[in-house]
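This report refers to the structure that appears directly beneath it.
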Amino acid sequence: PLAAGVPVCPECRASVAPRATSTVSGILVRQGGSGAEALLVRRLPTASHGAGLWRLPGKAVERGEDARDAVVRAFAEQAGLGVEVVTAWE
């Protein structure tokens with residue numbers, strides 16, 4: 001049973017987590033043999049949304065977290081890479 005006040009999807013009745021106020025994505029580019037290459041990550045085939053799709057590494061920004069730190073966390077969790085944010089755009 002769901003706790004009182006927990007929002008649910010009207011179609012499947014699954015509990016819905018409150019949406020983050022912002023999300024971030026990062027672009028990692030390197031020069032390859034035939035020009036610039038960008039890193040993409042693939043969503044798991046079991047993902048609830050966009051299963052199997054390729055996308056830029058990204059995450060929801062946690063409450064109190066700096067957006068640059070969220071980008072670093074996304075690359076670590078989704079690609080196993082340690083990165084440094086050089087330029088940020090809003």
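Remember, it's a predicted structure, so these values are computed and weren't measured experimentally.
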(request) Indicate the atoms forming the closest heavy-atom contact of A47 with R43, along with that distance. (result) CB-NH2, 3.5 Å
(message) Once side-chain contact (heavy atoms from CB on, under 4.5 Å) is applied, do any residues pair with L53, and if so which ones, sequence neighbours excluded?
(response) none
(request) Tell me who clusters with V86, hydrophobic residues only, linked when side chains sit under 4.5 Å apart either directly or through other members. (result) none
(request) For A74 and P57, work out which heavy atoms get closest and say how close. (result) CB-C, 4.3 Å
(request) Check side-chain contact (heavy atoms from CB on, under 4.5 Å) between V24 and all other residues, then give those that pass, not counting sequence neighbours. (result) V61, A67, A70, V71
(request) For R30, check side chain to side chain donor-acceptor pair (under 3.5 Å) against everything at least two apart and list the hits. (result) E37
(message) Show me the pairs that pass side chain to side chain donor-acceptor pair (under 3.5 Å) and involve residues 45-54, at least two apart or across chains.
(response) none
(request) Mind checking side-chain contact (heavy atoms from CB on, under 4.5 Å) for A79 and listing every partner two or more places apart, or none if nothing turns up? (result) L39, V41, L81
(request) Please report the closest heavy-atom contact between I27 and F75, naming both atoms and the distance. (result) N-CZ, 4.2 Å
(request) Could you tell me which non-hydrogen atom of L40 sits nearest to which non-hydrogen atom of L56, and how far apart they are? (result) CD2-CD2, 3.8 Å
(request) Would you mind listing every side chain to side chain donor-acceptor pair (under 3.5 Å) that reaches into residues 57-85, with sequence neighbours excluded? (result) K59-E77, E65-R73
